[in-house]
Structures are given as structure tokens and as C-alpha cells.
Amino acid sequence: MAFLGTAAPRVMACQKPLLPLCRATTRCYSSQSTHTTEKSVPYEKTLKQEDGISGPTKPLPKFADVVVIGGGSLGCQTLYHLCKLGMTNVVLLERDRLTAGTTWHTAGLLWQLRPSDTEVELLAHTRNVISSELEEETGLETGWIQNGGLFIASNKQRLDEYKRLMSLGKAYGIESYVLSPAETKDLYPLMNVKDLYGTLYVPKDGTMDPAGTCTTLSRAATARGATVIENCPVTGIQVKVDDLGIKRLKAVETAHGTIQTPCVVNCAGVWATKLGKMAGVNVPLIAMHHAYVVTERIEGIQNMPNVRDHDASVYLRLQGDALSVGGYEHNPIFWEDVSDRFAFSLFDLDWDVFMQHIDGAVNRVPALEQTGIKSTVCGPESFTADHKPLMGEAPEVRGFFLGCGFNSAGMMLGGGCGKELAHWIIHGRPEKDMYGYDIRRFHHSLTNNNRWIRERSHESYAKNYSVVFPFDEPLASRNMRKDPFHQVCPKDFYIVLQEQGCVFQERHGWERPGWFNRDGPAPVLDYDYYSAYDVLKNTDYKYSEILGKEYTFDFPPHHDVIRDECLTCRNTVAVFDMSYFGKFYLNGPDAKKAADWLFTADVNKAPGSTVYTCMLNKRGGVESDLTVSRLEPSPAHLPLTPESNGEAYYLAIGGGVAQHNWSHIQAVLQDQGFRCTLIDHTEDMGMISIQGPKSRELLQEVLDSDLSSDAFPFSTHKIVNAAGHKVRAMRLSFVGEMGWELHIPKESCLPVYHAVMAAGAKYGICNAGYRAIDSLSIEKGYRHWHADLRPDDTPLEAGLAFTCKMKTSIPFLGRKALEAQKAEGLRRRIVCFTVDEKVPMFGLETIFRNGVPVGHLRRSEFGFAIDKTIGYGYIRNPDGGVVSPDFVRSGEFTLERMGVTYKATAHLKSPFDPENKRVKGIYG
């Protein structure tokens, strides 16, 4: 049969129409259909056995230090890396045979370049394990084929994205080339290049074999002492509650025995949600059909690189002398009822869904039009809300770890993630910054919300091949969490800001102000599934249109709007709605001990003090930056004041990472046995920040307190009246100006906001959003956690040594690691760079010192007060030596953006207000 076949295959109806989101799992085709019904994977070897063996392949031990559940890529990689780190009493349980779930039919592609430094590092480790380490250790071949990878760009924006990837790759020594259409034709003669802008070629990309890889991993692990038991489904998870009321893993149950264990790793793929329920753990993933077809032989295709044509949403994987063709469609089929008996199984391919990939494939390789299809492969894969895996310890149960939801990239990411997960289990934290994969990146209110899981997973799947632009926002499952006081206000703050043109961003489920559009309201509408499943497409959707205009690697069209918000703050006064911030109270008999151990700074100053501090892990990496306010002992007046007879602290934490912070603090309190209570009042209070030279004059008309520097110095707080309402006022700044935050009970938010706006009218006050905060904060040199401050950065490397109480004798978590690092000297250091040319940068640009790559920018914005592009990145010494201030001063630096280098000036201090006069109210 011809590959293209008929444009609309003749289908004989075999069942009644289903609901729009519940597509049939199989289709009945007429005998006249030109499409193949052959279903088989293109691998010579699978691990499926036809001999009907039943029962476990080995006896179950009574106890194990770790039990890994699931024998796919992630399970085998995690087991192997646990053993590499020295564990031997570890068990892998597989309900059928290794790879039986989703791994056995995966395409097995490995692409080295991604728009994330962490992912580039994870992929590099996978490639090293598969291509060399395992074979050297075992003498067995894994099936690795290094045939290269080719990314197709059919428009300028796509080619710009590839140039960004190429520049990032230079920081990691990854060989890549941007090719012209003619050069692409020379490399891949069968390719149509008439519509191309160019391509990105990575010669050392390649293809993995699932059976060969998992077999070799399991043999290497068992040689180191691990036990692999197949044909042993898990039937239950036992959880115990300890003396402190903490839920901990106790045992794994099977029909053939129970294994006592303090640690389980859920690597069960699409079955991970069911396994999580056994332990009372939410696993927010969803199963979908994912398909590719395997062609007959194609003359001249041998040794060609794998191809991703992102704009056509299709990939072409070399399969000997044939191709596997697949992609990501806008209307994937959900697998509604995940079967426990589905092993080495495939679905019938729904050609109505798959046909959208055909035109793109044939356009790219015209020879496909006359090529037959040998077989179809349509199997289940698990997908998540942001197309990133779910990893780490579940917040519900200590000792229950996740290693699932890999969005059909489990083979590609398996080695890197398996290593990090093993380190996580043994040492309590991964080595790399894994926050983007950590289950704690999602708020607990979302992880069991079926609407959010379904809508966001669909959008992430449908946009998987979309260009990754700097300022994109999701359209799915919006308005999940709004400002906390909207429930009691007839006209909530969200609507008030929306009517003033607020363009909202989504973080942690919250709607937070991004920037303020001059053309009126742009409300976020219900998700339309991009008109899939017969859902009506949203029309005249202003918010979506605004996002579309942001799809650029140049300055966005509203660059001047952000500028005006920033300069109004710098010159007069602006108000920022920061209500989505996490707001926690820490109190109890051991609150002081806990605060001393948790926080790097000495927060036990006089009541009324507010301290900027970090929280660290054992390795000295920064798990959080936050402000901690010490409270007066008092009776409860919630939400502003908790009941406290002793020490109590108020913690204000960036809202996008509040769940991560909550879980980190709880884990530390539990591990140390502190008798403390952590109370979340995030949704009970709003918070606005009034910043700028005129902030004191404005607020003096609203608050009943003396705001002079003597009466209300920087880094202090007090309960005051604001327009007749009690609020907690804090003199702090996230933007480098004099200003105050007002933490307000939800029922008082609107009256206080209106009073502030009325008093500020004569000063030209404006609303400003987080896009302005991003610019203002980087201009002042303030860090953003998970951008230029992450769990793999220490405060010393990040220029935050001033937050650490190193001159005291007070121990704190991570102190020993910092002391060792200080004695040894810094092997890397954060540096500020400015570029005189008016060119946008967004992070991931490679940093060169004297022509040698020494790092990349973590974060970059345009600074409107200094009128320059400004960025921060960590640099290292190529010789492995100490990165001293002299090393920075003596170098000549350039930044590479999309293949073009720009001269850069390095700064060891912020170029804006380096003496910190403005936050102290010293202007002029």
C-alpha cells in the first residue's frame, strides 16, 4: 500500500458515538481500507515470552532497603544507579516482564539539546551510560546507534530557537551546526528543503534499543547485588503513622508475599496513579495513546540522521533501511480505563487521529508517498500537566518516591533521572537542580484535580513541538486560584485589575499580574482544547491574541509598557499585587531551635524585625530564599497574628514555590523532631507592595503610623491601621526602592487597595506587574529562586554570603558544606553582565571569557533605568581553579546569543545603586 494512502480512509462504524473527550480505543475498518492492520514494534528483540510462565521469577525477600516498582526504563535505571552508589539490598518488582508496559514500544530517540541546562546535563548522562559505560562494565551491547539528529526550521522563529540551542550547547561542549537548506540537502539527499529556513544538526544524537538497554541495566544491577523479580504484581502498599503523626512507608504487598521496606520508588508509568492510590499519594498524570508507523524499505535512507520537523509536529526515526514516523497531534486519545492486564500490548491505530502527521512527513521526505507501511505501533504513554516528569519524595508519605510521568521521554531522560533519583533516595536531595521535575512544584490542591490534570496535560501534549518562547503562558485550566479575598468581595481584586487591563500570568495555579495592557481588559477564558473533540473554539480571544504577539525572540511589542511601569516605580511610585505569595506561621515550643536550624540568617533579632534569609540542603544548596519576621508573643488575631506564648515567626515566600517550601520545612521539622507547628494562611491574606521614591509620602496618608526611617526602619514590620483596617506593614523591597508591603486580611484588601490608589493619584501611581518586577529586581541584583538561585547553588557562589550567620557559632542546615567550600575557595561564582547594544536576552546565552566558554546566563532582562540588557550567570575556571574576584576582573567577556557574540561588561556588584541608598530612602 502507498504510505499516503487515501486522504480520508474508508471507515466502517462499529460502535456508537462517544462523548467528545472519550474517543474510542479501537476502530473497525472495512476490508477495502488501504491501511495496514499489522501491529508490531520495529525491534528485532523484545522481552515478551510466550511460554506462559506464571508466578515470581525469584523468591521475595522479607526486607529491602528500597523497592523499585516497574521494570521499564526508569525502574531499571534507578535500580542500576542505586547500586552504583553502593546499595545492594534493593529489589525491582515488575508485574510482567521488563519493559512490558510502555518502554518496549518506545521510539528510543535521544536528542542532546533542549532549552534547559538541567535537561542538557541529564541527557548527557543518559548518553554516556547507554553509549559507553554499560558496555564497559558488562561487556554487553545496549543497542545504541549514533546516527545524529536533525531539527527542521521552516520559519525564522524556529531557526532562532535552534540558534539558541546551539549557543547553549557550546557551554557544554556539544557539537552542533546550523545548516543552510543546501547543506541540509547534502547531508540528507531524500529531504525536501525548498520550504526550509535552515536546520540544526547534532552529529552525536542517536537511537536507543529498549530491550537491549533494560536487559543490560538489570544485569549490571544484579551483578552489584540487586534483585530483579518479574511476574510479580504489587497489590498493596502499607503505610504506618509514627509517634509524631508522620506517615511513613512500611511495606509492599504482593500475592506472593510482603516485603518490609522504608522506601518505595513508583516507576509504574501509566499505572503510577493506581500505585499511588494504594499509599494515599496523588500522582497527577494521565494516559494517552501515542503512535508511530513503520515503513517498508526506503532506498537511500540508510545512515541518515533522525529528524524532528517541529512545525509539522512529526518525527522521522531511522529504522535500518526504513523509517518510523510519528508525532504529537492536537486531539490525542485519552486512555480512560487503564487496564492492569495490558502488557506487551498495542491499540489499533486510529487513522482519523494519525492522518494529520502524514502530510508533514511526505512533504519532508517525498519518497514516503510511494512507500508502504510495514506495521503500526500505538501504545499507551503517560503525560503530565507541564510535559515534565514527576520525581522526588511525595509530600503525603515519607519514603514514597516518584519516578514516572515521562511524557514518552523515559528512555531519553532515564539515565540522568535514574542517577538523580538514586541520589535523592540515599542522600535526601538530588545532585542537580531537579525542581522542574519535583512533584512539589505543583500545589497540593492541583495534584488531585482531574480538570487541571486533563486540560493541562492535553495542552502540553498538543504544544510539545511548539517553539519555546520566553513569555508563553498556558491557556488550559486557568483561574484555578485567584487572590484570596475574592470569595467575599462582590467585585474581587482579580476583576478590578482585569478591568484596568491586567494581563495575568499563571503560577502554581494562581493568577498573578504580568503587566497592564493599555487596550483594556483581556480576560482568560475557559479552555477550548484548541477546538479538538468538537469543543467550540474561543473566538475574539484577546488574551490569546496578546500571547501570540509575545511569540518572539525580539523585544515584545509592549516593551514600552513594561518600561513605563518600571520607570514609574523608579521615579515616583507603583503598586504591585503580590497576593499569591505563600504566608506561613511557624510557632511552638521548639520554634526558636527550628528557626536557628532552618534559616541561614540570624532571625532571632528583636520582635518586629524582618530578615531576608535562605534555607539550604545538606550540600549547602539553596532550597529557598524568603523573609522571616519575628513576632511578639500574643493571643491569636488571625490571620495577622497567631496565638503564641513563646517564639513565633511569619514567613513570606514566593508563591510559585510555596509548596516546595512547605514540604522542605515540614521534612526538616520531622527529621529533627522539632515540636513546631507550620500553619498556612496564604489564602486568608492578600499582599500589595507600594514601591518608589514617593511611597512614604503616599502611605503616610493611608497608614496611622510614623513612616520615618527612625520610627520605621528598613527590614522591620508592625501591625498598623490602613484606611481603618488592620494590616501588617513591612518595610521591604523586591525592586530596589524605598517601599512597604501591606499584608492584608482578605476582607480588607479592596478597601485598602482603593485607599492606596486614591492617595497615590497625585503622584501618578500606576499598577505594575511581575514583568516589571523581573526587570527591576535583576537591575538591582536581587536573586530569583529557580532562576539565578537554585538547589545546586550555594549562597557563597550566589553572592549571598551576607545571609549566612557564619560569624556566629549557631549551627544551621548546610553550614558544614559552606565552611568547607569557603576554605577550599569558590570553583564557580555568579557574575553580572551588561551589554551596551540594545539586544534582548532571556537566559541560556553562553558566556565566554577570553574566547573560552565558562558558563551561561541563568536569567536576563532589559534594565530600563540603566538602559542596558543585563544578565546573571555562574562562571567557572576552565582550568578547574578558584574563581576569584581577580579572575573576573582580569577577563574579557562576550555573550553569545543565537550564534552572534556581543561584548559584555562584568560586574561584581549591581550596576544600579550599588551602595543601597534607595531602599533606605536616600534619594538625590
**Item:** Distance-minimising heavy-atom pair for M411 and G108
**Value:** CB-CA, 4.4 Å
**Full working for side chain to side chain donor-acceptor pair (under 3.5 Å) between T207 and N306** = CA-CA 8 Å; T207 313; N306 300 319; 2.9 Å; yes
**Message:** Donor-acceptor pair, distance only, cut-off 3.5 Å: does the side chain of S73 make one with the backbone of G410?
**Reply:** yes
**Asked** Closest heavy-atom contact between L134 and L217?
**Response** CD1-CD2, 3.5 Å
**Item:** Any donor-acceptor pair under 3.5 Å from T222 side chain to R219 backbone
**Value:** yes
**Prompt:** Nearest 0.5 Å, what's the CD1-NE2 distance between I425 and H427?
**Reply:** 11.0 Å
**Asked** Mind checking whether W351 and F354 have parallel, tilted or perpendicular rings, split at 30° and 60°?
**Response** perpendicular
**Message:** Does either side chain, that of S324 or that of Y315, offer a donor lying less than 3.5 Å from an acceptor on the other one?
**Reply:** no
**Message:** Please give me the minimum heavy-atom distance between L285 and G269, naming the atom from each residue.
**Reply:** CD2-O, 3.8 Å
**Asked** For M304, does its backbone N or O pair with a side-chain atom of N147 as donor and acceptor, under 3.5 Å?
**Response** yes
**Test log, rule side-chain contact (heavy atoms from CB on, under 4.5 Å), inputs E141 and T213** = CA-CA 8 Å; E141 294 185 0; T213 298; over 6 Å; no
**Item:** Parallel, tilted or perpendicular, as decided by the 30° and 60° cut-offs, for the rings of Y437 and F406
**Value:** perpendicular
**Request:** Looking only at non-hydrogen atoms, find the nearest pair between K274 and V338 and report the distance.
**Result:** NZ-O, 2.6 Å
**Request:** Test L98 against L92 for side-chain contact (heavy atoms from CB on, under 4.5 Å), laying out the working first.
**Result:** CA-CA 10 Å; L98 295 183; L92 185 148; 4.0 Å; yes
**For R364 against L316, the heavy-atom pair lying closest together** = CG-CD1, 4.4 Å
**Asked** Is the side chain of T261 donor-acceptor paired with the backbone N or O of A251 at a distance under 3.5 Å, no angle test?
**Response** no
**Item:** Criterion salt bridge (Lys or Arg N to Asp or Glu O under 4.0 Å) on K247 and E396, from CA distance to verdict
**Value:** CA-CA 7 Å; K247 291 183 178 179; E396 298 95 338; over 6 Å; no
**Prompt:** Which residue, V252, V228, V68, T227, forms the side chain to side chain contact (heavy atoms under 4.5 Å, CB included) with L93?
**Reply:** V252
**Heavy-atom pair of closest approach, residues H444 and N448** = O-OD1, 3.9 Å
**Asked** Under 3.5 Å, side chain of T295 to main-chain N/O of L323, donor-acceptor pair present?
**Response** yes
**Asked** Just how far is it from atom CD1 of I145 to atom CG of D209, taken to the nearest 0.5 Å?
**Response** 8.0 Å
**Message:** Taking the cut-offs as 6.0 angstrom to the six-membered ring centre and 45 degrees off its axis, would you call R454 and F334 a cation-pi pair?
**Reply:** yes
**Request:** Measure the CD1-CD distance between I439 and Q659 for me, rounded to the nearest 0.5 Å.
**Result:** 9.0 Å
**Fill in**
For F442, the ring-ring contact (aromatic ring centres under 6.0 Å, His included) test, sequence neighbours excluded, returns W452
**Item:** Over 12 foreign heavy atoms within 6.0 Å of NZ, K204
**Value:** no
**Message:** Could you measure the distance from the OG1 atom of T235 to the CE atom of M278? Nearest 0.5 Å is fine.
**Reply:** 6.5 Å
**Request:** Please identify each residue that fulfils side chain to side chain donor-acceptor pair (under 3.5 Å) with E420, with sequence neighbours left out.
**Result:** none
**Request:** Kindly say whether V202 contributes a backbone atom to a donor-acceptor pair with the side chain of S176 at under 3.5 angstrom?
**Result:** no
**R341/D96 salt bridge by N-O under 4.0 Å criterion** = no
**Message:** Less than 3.5 Å apart, any donor N or O on the side chain of Q146 or D205 sitting next to an acceptor on the other?
**Reply:** no
**Message:** Looking at S218 and T215, would you say the former's side chain and the latter's main chain have a donor-acceptor pair under 3.5 Å?
**Reply:** yes
**Message:** Measuring from atom CG of D438 to atom CG of L390, what distance do you get when rounded to the nearest 0.5 angstrom?
**Reply:** 10.0 Å
**Complete:** Partner of Y461 under ring-ring contact (aromatic ring centres under 6.0 Å, His included), picked from H289, H290, H330, is H290
**Request:** May I ask you to decide if G72's main-chain N or O and T99's side chain share a donor-acceptor pair within less than 3.5 Å?
**Result:** no
**Message:** Tell me if the NZ atom of K463 is crowded by more than 12 foreign heavy atoms within 6.0 Å.
**Reply:** yes
**Asked** Going through the distances and angles, do L122 and C417 end up as a side-chain contact (heavy atoms from CB on, under 4.5 Å)?
**Response** CA-CA 7 Å; L122 295 173; C417 288; 4.0 Å; yes
**Request:** Could you walk me through whether R127 and E133 pass salt bridge (Lys or Arg N to Asp or Glu O under 4.0 Å), step by step?
**Result:** CA-CA 9 Å; R127 187 184 179 282; E133 182 179 303; over 6 Å; no
**Message:** Check E296 with K374, please: is the shortest side-chain N to carboxylate O separation under 4.0 Å?
**Reply:** no
**Message:** Just by distance, no angles: are the side chains of D321 and Q302 close enough, under 3.5 Å, to form a donor-acceptor pair?
**Reply:** no
**Item:** N-O pairing of K618 and E431 below 4.0 Å
**Value:** no
**Message:** Tell me if the CZ atom of R317 is crowded by more than 12 foreign heavy atoms within 6.0 Å.
**Reply:** yes
**Asked** Between E137 and Y80, do the side chains contain an N or O donor and an N or O acceptor separated by less than 3.5 Å?
**Response** yes
**Any donor-acceptor pair under 3.5 Å from H81 side chain to Q77 backbone** = yes
**Pairing of K432 and E121 as salt bridge, 4.0 angstrom limit** = yes
**Request:** Evaluate the criterion salt bridge (Lys or Arg N to Asp or Glu O under 4.0 Å) for residue pair E119 and K388; output intermediate values, then yes/no.
**Result:** CA-CA 10 Å; E119 290 192 357; K388 303 292 184 186; 2.6 Å; yes
**Prompt:** Is the backbone of S339 close enough, under 3.5 Å, to the side chain of W271 for a donor and an acceptor to pair up by distance?
**Reply:** yes
**Message:** Please determine whether ring-ring contact (aromatic ring centres under 6.0 Å, His included) holds for the pair F347 and F342, giving the CA-CA distance in whole Å, both sets of side-chain angles, and the decisive distance to 0.1 Å.
**Reply:** CA-CA 10 Å; F347 304 112; F342 200 93; 5.0 Å; yes
**Message:** Side chains of N407 and S382: any donor to acceptor distance under 3.5 Å?
**Reply:** no
**Request:** I would like to know whether R441 and D386 meet salt bridge (Lys or Arg N to Asp or Glu O under 4.0 Å); could you show each step before the answer?
**Result:** CA-CA 10 Å; R441 72 190 183 271; D386 56 3; 2.8 Å; yes
**Prompt:** Considering residues, nucleotides and ligands other than K58, do more than 12 of their heavy atoms fall under 6.0 Å from its NZ?
**Reply:** yes
**Complete:** Rounded to the nearest 0.5 angstrom, the OH-NE2 distance for Y328 and H357 is 9.5 Å
**Message:** Is it true that N128 and S132 share a donor-acceptor pair across their side chains at a distance under 3.5 Å?
**Reply:** yes
